[in-house]
Participant: 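Supplied in structure tokens, the structure appears directly below.
Here is the naming used below: chain letters follow the sequence lines, and residue numbers restart at 1 for every chain. Nothing here was measured: the structure is a model prediction, and the numbers come from that model.
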Protein chains: 2
Amino acid sequence: MSYAEQALAVLKARGYRITRPRRRVLELLQGAEGALSIQEIKELLDRAEEPVDMVSVYRIVDCLEDNALVHRVLSTGKIRRCDLENEAHCHREQHDHCHHNLICRECGSITELHCPGLDTLQDEVARQTGFHIEEHNLEFLGLCPRCAAREGDFRA
Amino acid sequence: MSYAEQALAVLKARGYRITRPRRRVLELLQGAEGALSIQEIKELLDRAEEPVDMVSVYRIVDCLEDNALVHRVLSTGKIRRCDLENEAHCHREQHDHCHHNLICRECGSITELHCPGLDTLQDEVARQTGFHIEEHNLEFLGLCPRCAAREGDFRA
DNA sequence: ATCATTGCAAACCGTTTGCAGCCTT
DNA sequence: AAGGCTGCAAACGGTTTGCAATGAT
């Protein structure tokens, strides 16, 4: 099942209505490599087909965020679809949704990490500082393998 | 040397002028437990002594940020003084200033971590994904030891 | 004396709110 | 048929810009 279908199913199950603007936003996010700003979402939708109101985009994104179907990228505030498929593999509770992202500064693509060695690190930090850690935000920025290879080409 | 003095010295060395508003913002940040929003900075300054214009606060904070004397907390956008004293201990380049914070949701205090086991984790992630990591953002949210103890009291 | 910096007013822009009409259920 | 959702207009609030006055060097 595709991301958009899965997300729509979640909304439906929770009593939301499946509207054309909601479907279109979800499909757009499904196709997007990285994350999109609210403005980018509006522009892309307007360009593709009949326009969607800016206010509606705000409300749709809010709704998707409330239902943990999208999240905001920490460093940019842009909107990204959640990785619904693999989220179950993550050993955290629902609400503590972890989004550890590898963000390519070149192509903007985002690779999601699903709780790597961070738990160990977190335990270690907690032990050393006595801090009671409830949540964490982690983001790596750099170059994805493809862009890193391309950048290598320039120098060659 | 105190934070404010140190920061002013940096500005002076770089050709900026040492003005009263700049000094006052730095002293305020020096005394603050956690991070302050632009609005909080303005209010606190107004309350303490003669008022400072909102616009000036914006410009002063921009200046301090440009010179790596303050940074914004990732999750809240609030302003925090950089830990100039201990920054040298961090094995990273100047521009890659790391701000790994432990933020107490109760009292708002912030404890800075200086590159703990993260480098190992980062290497591991890089190895597994092929991603060329240039920068990272890490933030832990929870309770500081003191607030955690107090919260324990309530339950007892 | 010079020129960076401040303060004030106004512009700007992203986001939110209210409400009527539409469309999903 | 009912009411959630959208679109439009207007309000709102945080941030930026222009410019004259001030103050640091």
Participant: In whole Å, what is the span from the CZ atom of B:R23 to the C1' atom of D:dA24?
Facilitator: 12 Å
Participant: Measure from NZ on A:K12 to P on D:dC5 and round the result to the nearest Å.
Facilitator: 13 Å
Participant: Is there a donor in the side chain of B:Q128 and an acceptor in the side chain of B:E124, or the other way round, less than 3.5 Å apart?
Facilitator: yes
Participant: Distance-only, no hydrogens or angles: does the B:D53 side chain make a donor-acceptor pair with backbone N or O of B:V55 under 3.5 Å?
Facilitator: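 A pair under 3.5 Å: yes.
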Participant: Once rounded to the nearest 0.5 Å, what's the spacing between atom CG of B:L29 and atom CG of B:L44?
Facilitator: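 If I round to the nearest 0.5 Å, the distance is 10.0 Å.
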Participant: Polar atoms only, N or O, under 3.5 Å: list the protein pairs with nucleotides 12-14 of chain C and their distances.
Facilitator:
none

Participant: With nearest nucleotides of DNA chain D determined for B:D62 and A:D53 from heavy-atom distances, which residue corresponds to the more 5′ nucleotide?
Facilitator: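 The answer here is A:D53.
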Participant: Will you find, in the side chains of A:Q122 and A:H136, an N or O donor that is under 3.5 Å from an N or O acceptor?
Facilitator: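 On atom types as modelled, these side chains qualify, holding a pair under 3.5 Å.
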Participant: Please give, in whole Å, the distance from D:dT6 P to A:K42 NZ?
Facilitator: 14 Å
Participant: Any pair with a residue in residues 57-71 of chain B that passes salt bridge (charged side-chain N to carboxylate O under 4.0 Å, His left out), sequence neighbours left out, goes on the list, sorted by first then second residue, please.
Facilitator: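 Residue pairs with at least one partner in residues 57-71 of chain B: B:E65-B:R72.
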Participant: Would you compute the distance between atom CG of A:L138 and atom CG of A:L113 and round it to the nearest 0.5 angstrom?
Facilitator: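 Answer rounded to 0.5 Å: 7.5 Å.
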Participant: Is it true that a side-chain atom of A:E139 and a backbone atom of B:N137 form a donor plus acceptor pair closer than 3.5 Å?
Facilitator: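 Pair absent, no side-chain N/O of A:E139 close to backbone of B:N137.
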Participant: May I have the distance from A:M54 (atom CE) to D:dC12 (atom P), rounded to whole angstrom?
Facilitator: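 So the CE-P distance, A:M54 to D:dC12, works out to 21 Å.
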Participant: Any side-chain N or O of A:S56 under 4.0 Å from OP1/OP2 of D:dG7?
Facilitator: yes
Participant: Of all the heavy-atom pairs spanning B:R80 and B:E112, show the shortest one and how long it is.
Facilitator: NH1-OE2, 2.8 Å
Participant: Measure CG/B:N67 against P/C:dT5 and give the value in whole Å, please.
Facilitator: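 It works out to 10 Å between those atoms.
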Participant: With distance as the sole criterion, is a donor-acceptor pair present between the side chains of A:Y3 and A:D83 under 3.5 Å?
Facilitator: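 No, no side-chain donor-acceptor pair sits under 3.5 Å.
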Participant: Provide, to the nearest angstrom, the distance between the CZ atom belonging to A:R22 and the P atom belonging to D:dG4.
Facilitator: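 That distance rounds to 11 Å.
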Participant: Could you state the atom-to-atom distance from CD1 of A:I41 to P of C:dT15 in whole Å?
Facilitator: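 In whole Å, C:dT15 P and A:I41 CD1 are 11 Å from each other.
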Participant: Between A:L26 (CG) and D:dC5 (P), how many Å, whole number?
Facilitator: 13 Å
Participant: Restricting both atoms to N or O, compile the protein contacts to nucleotides 18-23 of chain D shorter than 3.5 Å, with distance only.
Facilitator:
{"residue": "D:dG23", "atom": "N2", "partner": "B:R17", "partner atom": "NH1", "Å": "2.9"}

